[in-house]
Visitor: 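Take a look at this one; I'll ask things after.
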Amino acid sequence: MILPESFYRRDTVTVARDLLGKFLVANGEALPIVEVEAYLGLEDKAAHASRGVTPRTQVIYGPPGRAYVYLIYGMHYCLNLIAEPDGTPGCVLIRGVQGVSGPGRCTKHFKIGARHNKLPVFHRDGLVQVHDRGVRPTTIDVTPRIGITKSAGLPLRFVAAGLRY
DNA sequence: GTCACGATTTGT
DNA sequence: CAAATCGTGACG
């Protein structure tokens, strides 16, 4: 089933952990999420939302269950899912799905780009969806986030060590 | 308008 | 280790 909007209306870390094992569906393909990172609000200097509300970060402050897609280094897209209630910032970076490692490779694989930004992921006919197929991670590894300089070291990266179908 | 920079990936 | 490549945000 498609995860409802309420799934995302929780604290960012909880959403991040619960996203492991859920299926990312786009471009006619479905693969389980195996690696994510949580990005918080003003106190998290590595998060785009830490600069406050701007045209770009507005979606992160908006209602949950939307996609936040942005271009990084002028050549790769990163997919995030908005968490927390409307008005509270927080999002989860999809770093990897089964067989595909790296946020840039992930979006490339699913052909996700700028046109997906701000789209809800809980709609039946949406371009991007997230499904629950009853798959759960066997264990979850927790580590610092990758590729950041600010707020480095925080244990906000979550990796599914295995998947139990 | 101008400018420095980045939640990456790939090749040397 | 360095290049590729461009939207965003800060500043004037």
Side-chain angles (χ1 to χ4, degrees), chain A residues 3 7-27 29 31-85 87-121 127-130 137 140-161:
Chain A
L3 291 173
F7 172 90
Y8 306 93
R9 195 182 296 113
R10 301 178 293 161
D11 76 87
T12 308
V13 169
T14 300
V15 173
R17 295 182 63 110
D18 284 359
L19 237 19
L20 294 175
K22 302 301 185 294
F23 282 69
L24 181 60
V25 181
N27 193 38
E29 216 174 340
L31 291 171
I33 297 167
V34 296
E35 180 180 353
V36 298
E37 282 178 359
Y39 284 89
L40 314 180
L42 297 175
E43 72 283 5
D44 181 6
K45 297 309 178 190
H48 292 168
S50 70
R51 296 168 186 268
V53 180
T54 67
R56 180 205 210 181
T57 64
Q58 193 171 30
V59 60
I60 308 174
Y61 283 79
R66 272 66 177 181
Y68 166 45
V69 182
Y70 71 96
L71 183 65
I72 184 69
Y73 294 109
M75 57 186 76
H76 303 293
Y77 288 99
C78 287
L79 168 66
N80 298 252
L81 302 180
I82 306 303
E84 307 281 349
T88 304
C91 63
V92 178
L93 170 68
I94 307 301
R95 280 199 68 88
V97 296
Q98 192 174 69
V100 184
S101 294
R105 285 181 165 185
C106 215
T107 53
K108 183 182 178 186
H109 186 85
F110 283 97
K111 294 197 162 46
I112 289 172
R115 72 182 191 285
H116 298 269
N117 193 32
K118 302 182 183 180
L119 293 183
V121 298
L127 284 183
V128 201
Q129 303 170 190
V130 180
I140 298 177
D141 292 339
V142 183
T143 81
R145 291 172 294 184
I146 292 177
I148 58 171
T149 54
K150 308 162 193 163
S151 294
L154 298 178
L156 294 176
R157 172 171 173 259
F158 306 96
V159 184

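For clarity, every value in this text was computed on a predicted model and none was experimentally measured. Within every chain, numbering begins at 1; the chains are lettered A, B, ... in the order of the sequence lines, protein sequences first and strands thereafter.
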Visitor: Using the test side chain to side chain donor-acceptor pair (under 3.5 Å), find all partners of A:Arg145 that sit at least two apart in sequence or belong to another chain.
Guide: A:Asp44
Visitor: Check nucleotides 8-12 of chain C for protein N or O atoms closer than 3.5 Å to its own N or O atoms and list the pairs.
Guide:
residue	atom	partner	partner atom	Å
C:dG9	OP1	A:Thr54	OG1	2.3

Visitor: Going by atom types alone, do A:Tyr68 and A:His48 pair a side-chain donor with an acceptor below 3.5 Å?
Guide: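 A:Tyr68 vs A:His48: donor-acceptor pair found between side chains.
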Visitor: Keeping the roles fixed (side chain from A:Ser50, backbone from A:Gly41), state whether a donor-acceptor pair exists under 3.5 Å.
Guide: no
Visitor: Looking only at side-chain N and O atoms, does A:Arg157 come under 4.0 Å of OP1 or OP2 in B:dA7?
Guide: no
Visitor: So A:Ile148, base contact, sugar-phosphate only, or nothing? Heavy-atom distance under 4.0 Å.
Guide: sugar-phosphate
Visitor: Within 45° of the ring axis of A:Phe7 and under 6.0 Å from its six-membered ring centre, is that where the NZ or CZ of A:Arg10 lies?
Guide: yes
Visitor: Tell which nucleotide pairs with C:dT5, taking only Watson-Crick or G-U wobble pairs whose two distances are both under 3.5 angstrom.
Guide: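 Pairing partner, where one exists within any strand: none, as none qualifies.
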Visitor: Considering only NZ, NE, NH1 and NH2 on the basic side and carboxylate oxygens on the acidic side, decide whether A:Glu35 and A:Arg157 come within less than 4.0 Å.
Guide: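 Salt bridge between A:Glu35 and A:Arg157, a charged N being under 4.0 Å from a carboxylate O: yes.
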Visitor: Please work out which residues in residues 58-82 of chain A have a non-hydrogen atom less than 4.0 Å from an atom of DNA chain C and list them by number.
Guide: A:Leu71, A:Tyr73, A:Gly74, A:Met75
Visitor: Rounded to whole angstrom units, what separation is found between the CG atom of A:Asn117 and the P atom of C:dG7?
Guide: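 After rounding, the reported distance stands at 14 Å.
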Visitor: Are the side chain of A:Tyr61 and the backbone of A:Ala49 linked by a donor-acceptor contact shorter than 3.5 Å?
Guide: yes
Visitor: Give the C-alpha distance, both sets of side-chain angles, the deciding distance and a yes or no for side-chain contact (heavy atoms from CB on, under 4.5 Å) between A:Lys118 and A:Val59.
Guide: CA-CA 6 Å; A:Lys118 302 182 183 180; A:Val59 60; 3.9 Å; yes
Visitor: Please check if the side chain of A:Ser151 supplies one atom and the backbone of A:Lys45 the other of a donor-acceptor pair under 3.5 Å.
Guide: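 Judged by distance alone, yes, a pair lies under 3.5 Å.
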Visitor: Between A:Thr149 and A:Lys108, who's closer to the 5' end of DNA chain B by nearest nucleotide?
Guide: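 That would be A:Thr149.
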Visitor: Round to the nearest Å and state the distance from A:Arg145 atom CZ to B:dT8 atom P.
Guide: 11 Å
